[in-house]
Amino acid sequence: MDSSASTILMPPPLELKDERKKGSVVFDSSKMQKQEKLPTEFIWPDADLVRAQQELNEPLIDLDGFFKGDEAATAHAAELIRMACLNHGFFQVTNHGVDLDLIRAAQEDMEAFFKLPLSRKLSVKKKPGELSGYSGAHADRYSSKLPWKETLSFVYCYDSGSKPMVADYFKTALGEDFEQIGWIYQKYCDALKELSLGIMQLLAISLDVDSSYYRKLFEDGYSIMRCNSYPPCKEAGLVMGTGPHCDPVALTILHQDQVKGLEVFVDDKWQSVKPRPGALVVNIGDTFMALSNGKYKSCIHRAVVNMDKERRSLTFFMSPKDDKVVSPPQELIVREGPRKYPDFKWSELLEFTQKHYRPNNDTLQSFVEWRLSSQTK
Ligand SMILES: C=C1C[C@]23C[C@H]1CC[C@H]2[C@]1(C)CCC[C@@](C)(C(=O)O)[C@H]1[C@@H]3C(=O)O
Ligand SMILES: O=C(O)CCC(=O)C(=O)O
Ligand SMILES: [Fe+2]
């Protein structure tokens, strides 16, 4: 895996060396598919374009017994999670407590937004430094290797109590005609909060540490919720929906439609994650890798696009509150040896990914080195 090709330490805000300028491309999904010539900004290096040849053998974990307090079922679920996280950090869950009709509505309701005219989508364009809003191929952030996707992101705070911040975002940003859809995503985030906190308990049990340690760390955390739309592309073999990366967050809970596209880099080859109706895909990210003192792996993954079919996914990116110190439980350090990563705040890593560094497969290590070099200046 040629990581150098995808490691871009964002230059300080000097004149860009690259003749292409950020923001010179407008990703109009309704027109892009009909375009004769693929803009070069969307073409990825050959090293990133190797196709997947097999399916990932991640566990499908039934959470019914865990949620009912069954000790044997909980231990079994934790063991499956442990095996997956020692290897690639991906697993799928069923009987996850998220209503299947709600998942279906959240998946289908993306259509109402992504089919809007570009001008309407740009009316909620994500501003630099903000987490909420619309992005077309991140064309205002990057000048090459642009992802072939549109995204709508919004924030969900775990301790927002009765304040329906997601419903409020949709109504305020998109107006009355999106009020009902806003409530679907509000309820979806409410449900995924409970699931994500339950998974934090299972992760603690799987690491044989205090079962409440991680749950407590995230009880006042937040999620970046993101709707992803990957239009079909005639040159699907030259573009990337989402390029190779590890998620910088602690945990990602993803729902994908039945169009394959999510792939994980395991045993030196790309392996596709099988879409399973009603199941949710879970993967740990860089922040949890640090919280496990490097015992569990945050794994490189990507999303490829399809020549004929549009692909949509919902990604719920779980993070601790900005000022929370990311530090593994002491009992893990005592048992498993020296610290692999220094303490850091999630806000520091987030800012690194938003202002200085394009997330890839080496984000956490690059962040640690960058922070060290900034401290020694
Ligand atoms: C903290 C985050 C940054 C990204 C969204 C969340 C978790 C995943 C990150 C991302 C998807 C990794 C691939 C690159 C990225 C730029 C993207 O394709 O969207 C990343 C997100 C982002 O920086 O907006
Ligand atoms: O859309 C997908 O299947 C994966 C997207 C992803 O990995 C991400 O947004 O971090
Ligand atoms: Fe990801």
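First listed ligand is number 1; within each ligand, the first listed atom is number 1. Remember, predicted model here, so these are calculated numbers, not experimental data.
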Asker: Considering the heavy atoms of Gln354, write down every atom of ligand 1 situated less than 4.0 Å from one of them.
Answerer: 3 (C), 22 (C), 23 (O)
Asker: Closest by any non-hydrogen atom to atom 4 (C) of ligand 2: pick that one out of Thr242, Leu314, Leu254, Asn228.
Answerer: Leu254
Asker: Counting only nitrogen or oxygen atoms and a 3.5 angstrom limit, does Asp247 reach ligand 1?
Answerer: no
Asker: Would you call the rings of Phe42 and Trp148 parallel, tilted or perpendicular, taking 30° and 60° as the class edges?
Answerer: perpendicular
Asker: Among Gln92, Gln271, His88, exactly one meets side chain to side chain donor-acceptor pair (under 3.5 Å) together with Glu58. Which residue is that?
Answerer: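 Between Glu58 and the candidates, side chain to side chain donor-acceptor pair (under 3.5 Å) is satisfied uniquely by Gln92.
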Asker: Which atoms of ligand 1 are found less than 4.0 Å from any heavy atom of Tyr142?
Answerer: 16 (C)
Asker: Within 45° of the ring axis of Phe344 and under 6.0 Å from its six-membered ring centre, is that where the NZ or CZ of Arg371 lies?
Answerer: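 Checked: cation-pi criterion not met.
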Asker: Just checking: Cys246, one of its N/O/S atoms, less than 2.8 Å away from the Fe ion (ligand 3), yes or no?
Answerer: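 Not a single backbone or side-chain N, O or S atom of Cys246 is under 2.8 Å from the Fe ion (ligand 3).
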Asker: Determine if the distance from atom 8 (C) of ligand 1 to the closest protein heavy atom is below 4.0 Å.
Answerer: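 So atom 8 (C) of ligand 1 has protein heavy-atom neighbours under 4.0 Å.
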Asker: Would you please determine whether Pro147 falls within less than 4.0 Å of ligand 1 on a heavy-atom basis?
Answerer: no
Asker: Side-chain donor-acceptor pair under 3.5 Å between Gln107 and Arg312, yes or no?
Answerer: no
Asker: Answer yes or no for Arg358: is there a heavy-atom contact with ligand 1 below 4.0 Å?
Answerer: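 Contact absent.
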Asker: Does Tyr357 approach ligand 1 within less than 4.0 angstrom via side chain, backbone, both or neither, non-hydrogen atoms only?
Answerer: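 For Tyr357, no heavy atom sits under 4.0 Å from ligand 1.
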